[in-house]
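Numbering starts at 1 and runs along the sequence shown.
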Amino acid sequence: MAEESFFNTIKSSITYRWFRSVFSVVLFFLISVEFLFIGAYLGSYTDSVSEYIASKHDTNMISFQVLLKAHNYDLYSTVKPFYDEITSGNEIMTEIFDTDGSLLVSTKGISVSYNKELDVTPGVSETMYKEDSTGERLFVYTAPLKDQVGKTYAHIRYTTTLDKMFVLEMAVIAVSILGIAVVAGLVFISGLYFIRSIVRPVETITKSAKQISYGDFSIRIEKKYDDEIGNLSDAINDMASELSKIDKLKNDFISSISHELRTPLTAIRGWNETIEMCDPETDGELIEKGLNIISIETDRLSTMVEELLDYSKIQSGRFQISKSRIDLLRIMMETLDVYTQRAEQANVSIEFEMPPFEPTIIGDGNRIKQVYINVLDNAIKHTPAGGKISVSFLKAGGGYSVIIKDTGAGISEKDLPMVKERFYKGASTKPGSGLGLSICNEIVTLHGGELNIYSKEGEGTKVVITLPTADVTEEIERIKTNNE
């Protein structure tokens, strides 16, 4: 089983796939080229010998015709001087036969003679032959000797050894095979080096990714190349960094929410025990105070639980809004009716500027109210006694903006980009889960709007909630329907 698993791993590797799909094709191509070269080279070499002897025969034919004419076309008186002329310094064995095939004259220019009967078939013939006794390879070229008018007087046979040529051929073929092997080796080594330059970083990335999946977000991959692998390394490093931040926020959130849940529960339990020991006739004021605190803390618990449920829905993709035509002004007035009293209790004033238009949108009234409540609640919590909160509407382009501005402590430049992130509370010690603004931002985004926060530490915060008008939303929905 282990051996089978090993081979399965090898077969599924990038190196094996490269060898099978690329190198094997290159190797097949190189071998095919080698075979074609050998076939072409061997054929061309034999052809070159044939062409050389044919050219020599053409020259000899001219000499034969001149001598034949000089000897009044008498073959026997012509043969001897013709033979002497063409065999001087010649290593090719030459034999001359009459038209009946009888040998007239010959020379032993090579170690073995071609002891075969003359083929007197008209025309030129070529023969490759291997001597039985010595194994010597011979090339035989036979051609007629004619006069100027084409009458055949005799036949001449040229015989030459091919052994030296064969040795040369084998040497050339061996060199070509060696060249092909060197090229294949270079392709294999360079390809293997290139593949490993991909495989090894991928193996490192895989190992690091597994460690990240086990919860070790401190892992960072060294970027060696500025290419796709390098970009992947950067992406995984960025992912690990973001996961580390989220993990820290999650841990901070768990710690914070544990404290936030414990505080109201402790207050509820404490006041419940106090009320149980009170006498309704004499301790009415204390009981009323306790019940009021229990009600407030219960509201806090309910709010946190609702935020956790909303966050869970957002994470699972089940967060939905029910859209209809709604009046933003009416929703804001309902919210202010509740929070004006809370602001007065905190000695914070709320100024509202009535808009000269009717801000109507297509949206979920309850969710929009949730956004207004969260932003106003944050403004009251972070504005000191004697401070002021202003609420106004603005119409710009195809949207309505609600501007909620306070004179509170403001948000530091470091914390400002993160305030809409889930679990983030920054340096704030105020009660809360750290999910409110994240959920508000999600709600506004689902309505096709934007939630922007502007703040300067020590000078207060301005929250701008912009939502598209009813006409714009209806036009967008109409376009989407038509496209579908």
Side-chain angles (χ1 to χ4, degrees), residues 296 299-300 302-303 306-307 310 319-384 386-408 410-411 419-420 430 432 435-455 460-474 476:
I296 292 172
D299 287 341
R300 280 182 59 191
S302 178
T303 300
E306 288 296 327
E307 286 181 348
D310 286 341
F319 191 80
Q320 296 179 344
I321 57 175
S322 179
K323 290 185 177 181
S324 61
R325 186 177 285 267
I326 59 174
D327 183 0
L328 293 178
L329 178 59
R330 180 183 61 79
I331 295 172
M332 177 57 76
M333 295 301 293
E334 291 175 358
T335 307
L336 289 175
D337 286 343
V338 176
Y339 276 85
T340 297
Q341 184 179 0
R342 287 191 57 183
E344 288 175 355
Q345 291 174 354
N347 195 22
V348 174
S349 63
I350 296 181
E351 295 180 357
F352 176 67
E353 183 180 340
M354 185 67 70
F357 50 84
E358 184 178 335
T360 304
I361 70 163
I362 303 296
D364 189 326
N366 291 329
R367 291 299 184 183
I368 295 299
K369 190 172 185 178
Q370 182 180 345
V371 174
Y372 290 166
I373 288 172
N374 188 280
V375 175
L376 281 170
D377 186 67
N378 283 341
I380 293 171
K381 283 193 297 187
H382 293 88
T383 300
K388 182 178 69 173
I389 298 172
S390 62
V391 180
S392 61
F393 280 84
L394 176 68
K395 183 177 182 181
Y400 298 112
S401 295
V402 176
I403 304 170
I404 301 174
K405 186 176 180 181
D406 65 56
T407 58
I411 305 169
V419 292
K420 292 189 287 184
K430 301 293 182 180
L435 289 172
L437 283 176
S438 175
I439 294 171
C440 289
N441 187 58
E442 182 71 19
I443 291 171
V444 173
T445 301
L446 288 173
H447 282 79
E450 291 183 353
L451 189 152
N452 296 306
I453 301 174
Y454 307 92
S455 185
T461 301
K462 181 173 72 172
V463 179
V464 180
I465 305 163
T466 304
L467 297 166
T469 64
D471 294 338
V472 170
T473 302
E474 288 173 346
I476 292 173

Query - side-chain contact (heavy atoms from CB on, under 4.5 Å) between I361 and L328, worked out - result: CA-CA 7 Å; I361 70 163; L328 293 178; 3.7 Å; yes
Requested in this report: Mark yes or no: K462 above the aromatic ring of Y454, with NZ or CZ under 6.0 Å from the six-membered ring centre and no more than 45 degrees from the axis.
Outcome: yes
Requested in this report: Flag the pair D377 and R342 as a salt bridge only when some basic side-chain nitrogen lies within less than 4.0 angstrom of an acidic carboxylate oxygen.
Outcome: yes
Query raised in the report: Closest approach of P468 and G448, non-hydrogen atoms and distance?
Result: CD-O, 3.7 Å
Query raised in the report: Quick one: side chain to side chain contact (heavy atoms under 4.5 Å, CB included) partners of V338, sequence neighbours excluded?
Result: none
Requested in this report: Could you tell me the separation between the SG atom of C440 and the CD1 atom of I465, rounded to the nearest 0.5 Å?
Outcome: 7.0 Å
Query raised in the report: Side chain of D406, backbone of T461: donor and acceptor closer than 3.5 Å?
Result: yes
Report task. Give me the ring orientation class for F357 and F393: parallel if the planes are under 30° apart, tilted from 30 to 60°, perpendicular past 60°. Result -> perpendicular
Report summary line: Here the gap from K323 atom NZ to H447 atom NE2, rounded to the nearest 0.5 Å, amounts to 6.5 Å
Report summary line: Interatomic distance, CG@N347 vs CD1@I380, rounded to 0.5 Å, equals 12.0 Å
Report summary line: So NZ of K395 and CD of E358: to nearest 0.5 Å the spacing works out to 10.5 Å
Report summary line: Rounded to the nearest 0.5 Å, the CE atom of M354 sits from the OG atom of S392 at a distance of 12.5 Å
Requested in this report: Kindly say whether G410 contributes a backbone atom to a donor-acceptor pair with the side chain of S455 at under 3.5 angstrom?
Outcome: no
**Report entry** Gap separating the OH atom of Y339 from the CD atom of E334, nearest 0.5 angstrom
**Finding:** 13.5 Å
